[in-house]
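Ligands are counted one by one from 1 in listed order, and the atoms in each one are counted from 1 as well. Basis for what follows: all heavy atoms, side chains included, without hydrogens, waters or symmetry-related copies.
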Amino acid sequence: MSRSAHPAGPRHADVMPEGHYAAPPADLNALDEKVWARTVSRDTDGVVQVGGIPVTRLAEEFGTPAYFVDETDFRARCRAWADAFGKDADVFYAGKAFLSRAVVRWLKEEGLNLDVCSGGELTTALDAGMPAERIAFHGNNKSAEEIERAVRTGVGRIVLDSFQEIVRVAHIAQSLGKRQKVQIRVTVGVEAHTHEFIATAHEDQKFGIALAGGEAAEAVRRALKLDGLELIGIHSHIGSQIFDTSGFEVAAHRVVGLLKEVRDEHGVELPEIDLGGGLGIAYTSDDDPREPHEIAKALNEIVTRECEAAGLRTPRISVEPGRAIVGPTAFTLYEVGTVKPLAGLRTYVSVDGGMSDNIRTALYDAEYSVALVSRTSDAEPMLSRVVGKHCESGDIVVKDAFLPADIAPGDLIAVPATGAYCRSMASNYNHVLRPPVVAVRDGEARVIVRRETEEDLLRLDVG
Ligand code: LLP
């Protein structure tokens, strides 16, 4: 029903939450392990801790808002992905989800590769010692300077995204006297949305080269002719926050179809396929993500089966999970500043951050969970909305939440599963300072990205 159907203003039914928060959870103090990082638990005194450190101590030492990353969990997830895919496949962590030099070192130590999509991410990766051959360089509009830097430093692969780029990379590689390993990113006509996928006949987005109409086959034809390029495979990324492996299966089927066409036309068997990232995580208790070993099994089976049917050698598979590795490992800690009950509607709980540290709610209508973490409470559940401190009514962190009715200024609340696309998409809107990222492990906490300061703002503003 449209808003104008209620000239008297919103009624209670209009503001009732849907989905996860349609009813209060049985126990507001419980922490669902699906959405919280692995070492998070509640102390005997009711305070939430991570890596053995209570959030009250973390808030005192590092301030709020702040992101806390459970390093033990991050490393365990890297290993789970690497083990699930085994030595005959490659796992590239998608740095766009969250990248810092510490993260690069963890990836390196845990044996993962890295997908970067800008010169800035490339610099971070190289500066922290990621070997260039373990880096894949992505992007639909890489600059000539970025391409040159990638080729010069010897990145393992550049993923080509357009006809112009095929020529551009070949030209740059040749002028540097190099032959650059490349993949071609194709759009397979599978568009993935959160809980479903829709097979689309036509592509209407900026990435990749369409399989439909023979465009991708033409791209392969051109790439194979160019001396500066060594075409090692085909890349496909179907979308984000996907829970169902069937979209990947359709993509794999279509990519193998192209490999077969290439073999038939050129007598060349391309040795690799990359099936991208996009695996979903639990933001609320309603979400049921697949485990890495289930995904690996499904992808290996489909690729092997399809290749056998086509008489092709099974190519080496790679994947690029970002969110599924870092997303669940972090939470954002906020201090409550004001509590504003709106009679018959809900209570607005304002925190000291907001859309500048988590734009995903405003941008994608994303759902999050939230909990009071500095103490437990036996008070009644209260329908709440967690909002930030920005000058914008869309500045919502958690749209529908039940918090205990005695929530008060000074309480600490935390939003779990903010490891991916929160710090990396953070802004300075309203000149609010971007929060630090603190890594916690075995009773020790250290800043890996420091809090922005007002001097940082003034340094960029040259007056
Ligand atoms: N590989 C490629 C080529 C990608 O474009 C992406 C994400 C990934 C891998 C990693 O996807 P993941 O496993 O993290 O879902 N800002 C949005 C997500 C945009 C993702 C763009 N590409 C969000 O906050 O949900």
Numbered atoms and elements of ligand 1 in range of [X], under 4.0 angstrom, heavy atoms:
X      : answer
Arg185 : 3 (C)
Gly277 : 1 (N), 9 (C), 13 (O)
Gly322 : 12 (P), 13 (O), 14 (O)
Met425 : 16 (N), 24 (O)

Aromatic ring pairing Tyr93/Phe74, orientation class (parallel under 30°, perpendicular over 60°, tilted between):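 Plane angle over 60°, so perpendicular.
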[atom] - nearest protein heavy atom and its distance:
atom                    : result
atom 24 (O) of ligand 1 : Arg360 NE, 2.6 Å
atom 16 (N) of ligand 1 : Tyr364 OH, 2.8 Å
atom 12 (P) of ligand 1 : Gly278 N, 3.4 Å
atom 1 (N) of ligand 1  : Glu320 OE1, 2.7 Å
atom 14 (O) of ligand 1 : Tyr421 OH, 2.6 Å
atom 8 (C) of ligand 1  : His237 CE1, 3.5 Å
atom 21 (C) of ligand 1 : Lys96 CD, 4.1 Å

Do Thr124 and Asp127 get their side chains close enough for a donor-acceptor pair, meaning under 3.5 Å?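 Result is no, nothing qualifies.
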With no hydrogens and no angle check, just 3.5 Å: does a side-chain donor-acceptor pair link Thr418 and Thr332?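 Yes, because at least one side-chain N or O of Thr418 sits under 3.5 Å from a partner of the opposite role on Thr332.
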Using non-hydrogen atoms of the residue, decide whether Pro321 is closer than 4.0 angstrom to ligand 1.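 Distance cut 4.0 Å: Pro321 passes for ligand 1.
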Asp115 and ligand 1 - part of the residue with a heavy-atom distance under 4.0 Å: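 Near ligand 1, Asp115 shows its side chain, while the N, CA, C and O stay back.
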Taking side chain to side chain contact (heavy atoms under 4.5 Å, CB included) as the criterion, tell me which of Gln180, Glu148, Arg152 meets it with Ile172.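 Result: among Gln180, Glu148, Arg152, Glu148 is the only option passing the side chain to side chain contact (heavy atoms under 4.5 Å, CB included) with Ile172.
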Nitrogen or oxygen atoms of Gln241 and ligand 1 under 3.5 Å apart: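 Not met; the criterion fails.
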Polar contacts were defined as any N/O atom of the residue lying under 3.5 Å from an N/O atom of the ligand; does this apply to Ala94 and ligand 1?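 Checking ligand 1 against Ala94, no N or O pair falls under 3.5 Å apart.
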Does Arg149 form a side-chain hydrogen bond (donor to acceptor under 3.5 Å, both in side chains) with Thr123? I'd like the steps, not just the answer. CA-CA 9 Å; Arg149 194 143 42 103; Thr123 297; 2.8 Å; yes
Is the distance between the ring centroids of His237 and His138 less than 6.0 Å?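 Here the rings of His138 and His237 have centres that are no less than 6.0 Å from each other.
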Looking at non-hydrogen atoms alone, which of Ala366, Ser240, Gly276, Ala97 comes nearest to atom 20 (C) of ligand 1?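 Answer by nearest heavy atom: Ser240.
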Arg360 NZ/CZ over Tyr368 ring centroid, <6.0 Å and within 45° of normal: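 Pair Arg360/Tyr368 does not count as cation-pi.
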Heavy-atom check, side chain of Val159 versus side chain of Asp115, under 4.5 Å: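 Sidechains of Asp115 and Val159: no contact.
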Within the distance-only criterion (no hydrogens, no angle test), does the side chain of Lys225 pair as donor or acceptor with the backbone N or O of Arg222 below 3.5 angstrom?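 Not a single qualifying donor-acceptor pair exists.
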Determine yes or no for a side-chain-to-main-chain donor-acceptor pair under 3.5 angstrom, with Thr64 supplying the side chain and Ala66 the backbone.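 Here the side-chain-to-backbone pair does not exist.
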